[in-house]
Structure formats: C-alpha cells, structure tokens
A.B. asks: 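First, the structure itself, so that you have it in front of you.
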Amino acid sequence: MSDPIIASSPSEPGTFSKKYKVWKEIAKGSYGTVSTTSPIADPDTFYAVKIIDRSKLKQKDTDAVFREVAILSELREVPHVIPIIDFIEEPEKLYVVQVYAKGGDLFRRLTELQVYTEKNARDIAIVLLETLDTMHT
C-alpha cells in the first residue's frame with residue numbers, strides 16, 4: 001500500500017495553489033465546491049478537487065472530512081472506489097484531490113435513466129456487493 005495521504009501537520013497557506021491549478025467548477029454544496037484541477041507540473045492530467053471552506057465547518061464536520069480522507073487513503077486500490085490523490089490542509093480550506101470521474105456520480109446517472117430496469121438494479125447491486133466484499137477481506 002502507498003504512503004498515507006494525511007499530512008502530520010497543516011500546510012502553509014497557498015500550498016495548494018503552488019501544486020495545482022483549478023479549472024472548472026463542477027458542483028457546489030453548503031461547505032464548498034468541487035472543481036476540475038490539474039497539477040502545475042502536469043497540466044494535461046485532470047483530477048477533481050473538493051475545496052472545503054473551514055469557516056463553515058463545525059468540529060464534527062472537520063473530523064468527518066479527516067475520517068473520509070483516512071478511509072479513502074486505505075481504499076486507494078479497491079476497484080470501484082474513486083481513488084484519493086492528495087489531501088492538503090490549509091488554515092482556511094481543506095483540499096481533497098481525487099481521480100476525476102467524468103461520468104458523474106451514481107445518483108445523477110440514475111436520475112437520467114428513462115427506465116430503471118431490474119437489470120440496472122442487479123448490475124448496481126453486484127458492483128456494490130463486490131466492492132464491499134473487497135473492502136472487508
């Protein structure tokens with residue numbers, strides 16, 4: 001397994017912008033945004049980045065982000081789990097960089113279906129159960 005993603009201490013302000021360029025906003029939520037990003041050193045590679053505004057978080061929310069990052073770090077090699085690439089903790093923002101899933105999330109894709117068949121449900125269930133089995137073995 002690769003090195004852990006979570007740094008032992010917060011980064012200096014501006015660390016993220018020294019490593020990555022943010023391109024297009026994909027989604028917006030109550031705590032921040034999700035955008036496409038690319039490493040400064042490799043502008044042809046695209047990732048997704050959750051940019052979380054720490055001023056909007058309570059301590060339990062911050063703890064949940066760190067728990068999510070720790071779990072995703074452990075699951076980087078599990079099929080069907082979107083891998084985490086980097087995590088940067090700055091005083092005002094948290095940045096969670098992940099592989100960019102161009103197809104969007106499962107909920108969005110389901111809402112776009114005209115007809116939701118038993119085969120659709122079976123295929124999703126198989127992937128979810130296989131993923132859970134891999135995570136727990």
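Here, residue 1 is the first one in the sequence, and each next residue gets the next number.
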A.B. asks: Assess the residue pair Thr37 and Trp23 against the criterion (side-chain hydrogen bond (donor to acceptor under 3.5 Å, both in side chains)); give the C-alpha distance rounded to whole Å, side-chain angles, the decisive distance to 0.1 Å, and a yes or no.
C.D. replies: CA-CA 5 Å; Thr37 189; Trp23 295 98; 5.8 Å; no
A.B. asks: Do the side chains of Arg122 and Glu118 get close enough for a salt bridge, i.e. N-O under 4.0 angstrom?
C.D. replies: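 No, Arg122 and Glu118 are not salt-bridged.
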A.B. asks: Show the nearest heavy-atom pair for residues Phe46 and Tyr100, with the distance to one decimal.
C.D. replies: O-CB, 3.9 Å
A.B. asks: Whether Lys119 and Asp123 form a salt bridge (side-chain N of Lys/Arg under 4.0 Å from carboxylate O of Asp/Glu) is what I want to check.
C.D. replies: yes
A.B. asks: Between Arg76 and Ser73, is there a donor-acceptor pair closer than 3.5 Å when you use the side chain of the first and the backbone of the second?
C.D. replies: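 Here the side-chain-to-backbone pair exists.
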A.B. asks: Among Val69, Ile88, Leu57, which residue satisfies the side-chain contact (heavy atoms from CB on, under 4.5 Å) criterion with Leu94?
C.D. replies: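 When side-chain contact (heavy atoms from CB on, under 4.5 Å) is applied between Leu94 and each of Val69, Ile88, Leu57, only Leu57 qualifies.
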A.B. asks: Can you tell me how far the CD atom of Glu68 sits from the NZ atom of Lys50, to the nearest 0.5 Å?
C.D. replies: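 Those atoms lie 3.5 Å apart.
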A.B. asks: Verify, without hydrogens or angle tests, whether Asp42 (side chain) and Pro39 (backbone) share a donor-acceptor contact under 3.5 angstrom.
C.D. replies: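 No, the answer is negative, given that no donor and acceptor are paired below the 3.5 Å cut-off.
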A.B. asks: Are there more than 12 heavy atoms of other residues, nucleotides or ligands under 6.0 Å from atom CD of Gln59?
C.D. replies: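 For Gln59, atom CD is crowded (more than 12 foreign heavy atoms under 6.0 Å).
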A.B. asks: What pair of heavy atoms forms the shortest contact from Ser35 to Glu25, and how long is it?
C.D. replies: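 Closest approach of Ser35 to Glu25: OG-CA, 3.5 Å.
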A.B. asks: Tell me if the CD atom of Glu92 is crowded by more than 12 foreign heavy atoms within 6.0 Å.
C.D. replies: no
A.B. asks: Between Gln98 (side chain) and Ile82 (backbone), is there a donor-acceptor pair under 3.5 Å?
C.D. replies: yes
A.B. asks: What I'd like to find out is whether the side chain of Val99 reaches to under 4.5 Å of the side chain of Pro83, using heavy atoms alone.
C.D. replies: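 Side-chain contact under 4.5 Å: yes.
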A.B. asks: How long is the span from the OH atom in Tyr31 to the CG atom in Asp53, to the nearest 0.5 Å?
C.D. replies: 11.0 Å
A.B. asks: Do Ile124 and Leu113 share a hydrophobic cluster (ILVMFWY, side-chain heavy atoms under 4.5 Å, transitive)?
C.D. replies: yes
A.B. asks: Using a strict 4.0 Å threshold on nitrogen-to-oxygen distance, state whether Asp61 and Lys56 make a salt bridge.
C.D. replies: no
A.B. asks: Do Glu89 and Arg54 sit within salt-bridge range, that is, some charged N less than 4.0 Å from a carboxylate O?
C.D. replies: yes
A.B. asks: Show, in sequence, the C-alpha distance, side-chain angles and deciding distance for Val97 and Phe16, and conclude whether the side-chain contact (heavy atoms from CB on, under 4.5 Å) test is met.
C.D. replies: CA-CA 10 Å; Val97 181; Phe16 178 81; 3.9 Å; yes
A.B. asks: Could you state the interatomic distance from CD1 (Ile71) to CD1 (Ile84), rounded to the nearest 0.5 Å?
C.D. replies: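 If I round to the nearest 0.5 Å, the distance is 11.0 Å.
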A.B. asks: Atom OG1 of Thr131 and atom NE2 of His80: how far apart are they, to the nearest 0.5 Å?
C.D. replies: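 One gets 5.0 Å once the value is rounded to the nearest 0.5 Å.
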A.B. asks: Which word best sums up how the rings of Tyr47 and Tyr20 line up, parallel for under 30°, tilted for 30 to 60°, or perpendicular for over 60°?
C.D. replies: perpendicular
A.B. asks: Looking only at non-hydrogen atoms, find the nearest pair between Val115 and Asn120 and report the distance.
C.D. replies: O-OD1, 3.6 Å
A.B. asks: Work out which heavy atom in Ala48 is nearest to a heavy atom in Val34; give both atom names and the distance.
C.D. replies: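 Taking every non-hydrogen atom into account, CB-CG1, 4.3 Å.
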A.B. asks: Can you tell me how far apart OG1 (Thr33) and NZ (Lys93) are? Round to the nearest 0.5 Å.
C.D. replies: 8.0 Å
A.B. asks: What are the two closest non-hydrogen atoms of Ala121 and Tyr116, and how far apart are they?
C.D. replies: CA-OH, 3.3 Å
A.B. asks: Applying a strict under-4.5 Å side-chain criterion to I, L, V, M, F, W and Y, I'd like to know whether Phe87 and Leu75 cluster together.
C.D. replies: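 Cluster IDs for Phe87 and Leu75 match.
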A.B. asks: Which heavy-atom pair separates Thr137 from Asp133 by the least distance, and what is that distance?
C.D. replies: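 Reported closest heavy-atom pair: OG1-O, 2.8 Å.
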A.B. asks: Would a single hydrophobic cluster contain both Val22 and Ile40, if residues Ile, Leu, Val, Met, Phe, Trp and Tyr are joined by side-chain heavy-atom contacts under 4.5 Å?
C.D. replies: no
A.B. asks: Once you round to the nearest 0.5 Å, how far does CG of Leu106 lie from CG of Leu128?
C.D. replies: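 It comes to 7.0 Å.
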